[in-house]
Amino acid sequence: MEQPKNRVFSGVQPTGNLHLGNYLGAIRNFVGLQATHECIYCVVDMHAITVWQDPKELAANTREVAAAYIASGIDPDKHIIFNQSKVPAHAELAWILNCVARIGWLNRMTQFKDKAGKDREGASVGLYAYPVLMAADILAYRATHVPVGEDQKQHLELARDVAQKFNNDFAAPDFFPLPEPLIMGEATRVMSLRDGTKKMSKSDPSDYSRITMKDDADAIALKIRKAQTDPEPLPETVEGLTGRAGADNLVGIYAALSDMTKAEVLKEFGGAQFGTFKPKLAELAVEKLSPITSEMKRMMDHDQGYIDDVLAKGAVRARAITDPIYARVREIVGFI
Ligand code: TYM
C-alpha cells in the first residue's frame with residue numbers, strides 16, 4: 001500500500017461560537033495548504049458530543065463550521081470537507097487504538113483536566129478517550145501533516161505515540177506515518193480579549209472575550225475597543241511585549257491578519273497609544289473577516305442545501321480513502 005506524502009488532515013468541533021482563534025490558529029492555515037497538499041477537513045461532530053450538545057444546535061453548528069470552511073476559501077471540489085460521523089472508520093479505528101493507547105498516556109492530557117474540571121468522575125468516558133479518537137481521525141487517512149493551534153500540540157504528540165506503538169505492536173513498520181503538527185503563523189494561541197493570560201475559547205462565559213465569526217463590524221469594533229490592555233504606549237520591539245499579555249495578544253492578532261511579523265507591526269506602531277492602535281486593528285479585522293462572515297450568513301440563511309451536498313459528497317470521497325486503509329488495519333490486527 002503506497003504511503004501518502006503530503007496528506008493534510010484537520011478538524012474543528014461544531015460546538016458553536018467559532019472565533020478568531022479558530023480562524024487564525026487553524027482555518028486560515030487550512031486554506032493556505034491547499035496549493036501544496038491533498039487536504040481533508042473534517043467537522044468533528046463525534047468529538048463535540050463528548051460534552052452534552054443539544055441535537056438541533058449540533059446540526060446547525062455542524063453546517064456552520066462547514067460554511068466557515070467554504071467561506072474562508074477551502075475549495076470543496078478540489079479538497080474534502082465532510083463531517084466525522086458520516087465515515088465509520090473514525091469510530092472503528094478509534095476502538096482499536098483505544099486498545100493500543102495506555103491509560104497513563106491519557107492521564108497526562110492537560111485538556112481533559114481543564115475540561116473535566118473538579119468533577120472528573122462526572123466527565124464522560126468519551127471526553128477521556130477524546131485524544132484517541134483524534135488519533136484515529138488522522139491515522140484513518142494515514143495523514144502526514146496536521147495544521148492546528150498551539151493547544152492541540154499535546155494531542156498530536158499522543159497521536160504520534162499511538163501510531164508508533166501500533167506499528168511496533170503489530171510488526172507493521174511505517175504502516176502509520178507519524179503525523180507532523182503544523183503550528184503556523186503569529187497567532188497560534190490567540191488569547192481572551194478580557195484576560196490576556198487565558199486562551200480565547202468557545203466556552204468563555206463572556207461574549208466580550210472573543211470575536212466570533214458571526215460578529216458584525218460594530219461588534220468587532222466594540223470588542224476591540226473594550227479589550228484589556230495597559231496604559232503604556234506600544235513598545236518598539238517584540239521583547240518589550242514581555243509581561244504585557246493584552247498588548248502582546250493584540251499585536252499578534254494584527255500581525256496574523258495582515259501577514260506581517262510582530263516585529264514589523266511594532267516597527268509601524270511602536271510608540272503609539274492604544275487609542276490609535278485599536279481603531280486600526282478593528283478596521284483591519286473588519287476588512288478581513290466581514291467578507292467571510294457575510295458569505296457564511298448567506299449560506300446558512302439561503303443555501304443549506306449546498307452545505308449538506310458538500311458534506312455528503314465529501315463523506316463519499318473520504319470513505320474511498322479510509323476503506324482500503326481500514327481493510328488493511330483489519331488484516332494487520334487479525335480480524336477476519
Ligand atoms: P477545536 O474545535 O477546539 O479548535 C479548532 C482549531 O482551532 C484552534 N484553536 C486556536 N488557535 C489559536 N488560538 C486559540 N485561542 C485557539 N482555540 C482553538 C485549535 O488548536 C484547533 O486547531 N481536538 C480538536 C479537533 C480535532 C482535530 C482532529 C484536529 C479533532 N480531530 C484531528 C486535528 C486533527 C479541537 O478540539 O479543536
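Whatever order the structure lists them in is the order used to number ligands and atoms, beginning at 1. What you see below is based on every heavy atom in this structure, not just the backbone, and it leaves out hydrogens, waters and symmetry mates. All residue numbers refer to positions in the sequence shown, counting from 1. Treat the numbers as computed from the prediction; the structure is a model and nothing was measured.
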N/O to N/O below 3.5 Å, does that happen between [X] and ligand 1?
X	value
Q111	no
K202	yes
H155	no
D137	yes
G149	yes
K115	no
M191	no

Inset, instruction - Take F175 and F170, measure what ring pair (Phe, Tyr, Trp, His ring centres under 6.0 Å) needs, and give me the verdict at the end. - result: CA-CA 10 Å; F175 178 70; F170 292 99; 10.0 Å; no
Who's the nearest protein heavy-atom neighbour of [atom], and how far?
atom	answer
atom 11 (N) of ligand 1	G21 O, 3.1 Å
atom 15 (N) of ligand 1	V190 O, 2.8 Å
atom 19 (C) of ligand 1	D151 OD1, 3.3 Å
atom 6 (C) of ligand 1	A26 CB, 3.6 Å
atom 37 (O) of ligand 1	Q152 NE2, 4.1 Å
atom 28 (C) of ligand 1	M134 CG, 3.4 Å
atom 12 (C) of ligand 1	T188 O, 3.2 Å
atom 7 (O) of ligand 1	N22 ND2, 3.1 Å

Legend entry - Closest approach of F277 to V265 (non-hydrogen atoms, all atoms of both residues):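 Where F277 meets V265 most closely, the heavy atoms are CE1-CG1, 4.2 Å.
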Inset, instruction - Look up atom OH in Y326 and atom CZ in R319, then write down how far apart they are to the nearest 0.5 Å. - result: 15.0 Å
Legend entry - Min heavy-atom dist Q84 to ligand 1 below 4.0 Å: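 Contact check Q84 vs ligand 1: negative.
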Legend entry - Proximity flag H19 to ligand 1, non-hydrogen atoms under 4.0 Å: yes
Give the numbers and elements of all ligand 1 atoms closer than 4.0 Å to a heavy atom of [X].
X	answer
V12	2 (O), 5 (C)
M200	15 (N), 17 (N)
F9	32 (C), 34 (C)
S10	29 (C), 33 (C), 34 (C)
R189	12 (C), 13 (N)
K199	15 (N)
G25	11 (N), 12 (C)

Inset, instruction - Tell me which one of S192, A136, G11 gets a heavy atom nearest to atom 25 (C) of ligand 1. - result: G11
Legend entry - Of the listed options Y130, Y141, Y41, closest to atom 35 (C) of ligand 1 (non-hydrogen atoms): Y130
Using a 4.0 Å heavy-atom threshold (strictly under), name the region of [X] that reaches ligand 1: side chain, backbone, both or neither.
X	result
V44	side chain
H47	side chain
I27	neither
V146	side chain
V148	both

Inset, instruction - State whether the side chain of H37 and the backbone N or O of C39 hold a donor-acceptor pair below 3.5 Å, judged by distance alone. - result: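 Not a single qualifying donor-acceptor pair exists.
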Inset, instruction - Taking N249 for its side chain and M191 for its backbone only, find out whether a donor-acceptor pair lies under 3.5 Å. - result: yes
More than 12 heavy atoms of other residues, nucleotides or ligands under 6.0 Å from [atom1] of [X]: is that the case?
X	atom1	result
Y128	OH	yes
K199	NZ	yes
K165	NZ	yes
K297	NZ	no
K113	NZ	yes

Inset, instruction - Decide, yes or no, whether a salt bridge links R298 with D301 under the criterion of side-chain N to carboxylate O below 4.0 Å. - result: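 Salt bridge flag = no for D301 with R298.
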Legend entry - Electrostatic pair D248:K262 at N-O distance under 4.0 angstrom: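 Result for this pair is yes, salt bridge flagged.
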Legend entry - Sole residue of D215, T212, D218 in side chain to side chain donor-acceptor pair (under 3.5 Å) with K223: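 It is D215, the one option of D215, T212, D218 that forms the side chain to side chain donor-acceptor pair (under 3.5 Å) with K223.
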Legend entry - Plane angle bin for F9 and F82 - parallel if under 30°, tilted between 30 and 60°, otherwise perpendicular: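 It falls in the perpendicular class, over 60°.
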Inset, instruction - Using distance alone, with no hydrogens and no angle criterion, decide if E38 and Y141 have a side-chain donor and acceptor under 3.5 Å apart. - result: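 The criterion, which ignores hydrogens and geometry beyond distance, is not satisfied for Y141 and E38.
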Inset, instruction - With ring pair (Phe, Tyr, Trp, His ring centres under 6.0 Å) as the test, would you mind laying out the steps for Y69 and H79 before giving the verdict? - result: CA-CA 11 Å; Y69 284 170; H79 299 273; over 10 Å; no
Legend entry - Heavy-atom check, side chain of K214 versus side chain of E64, under 4.5 Å: yes
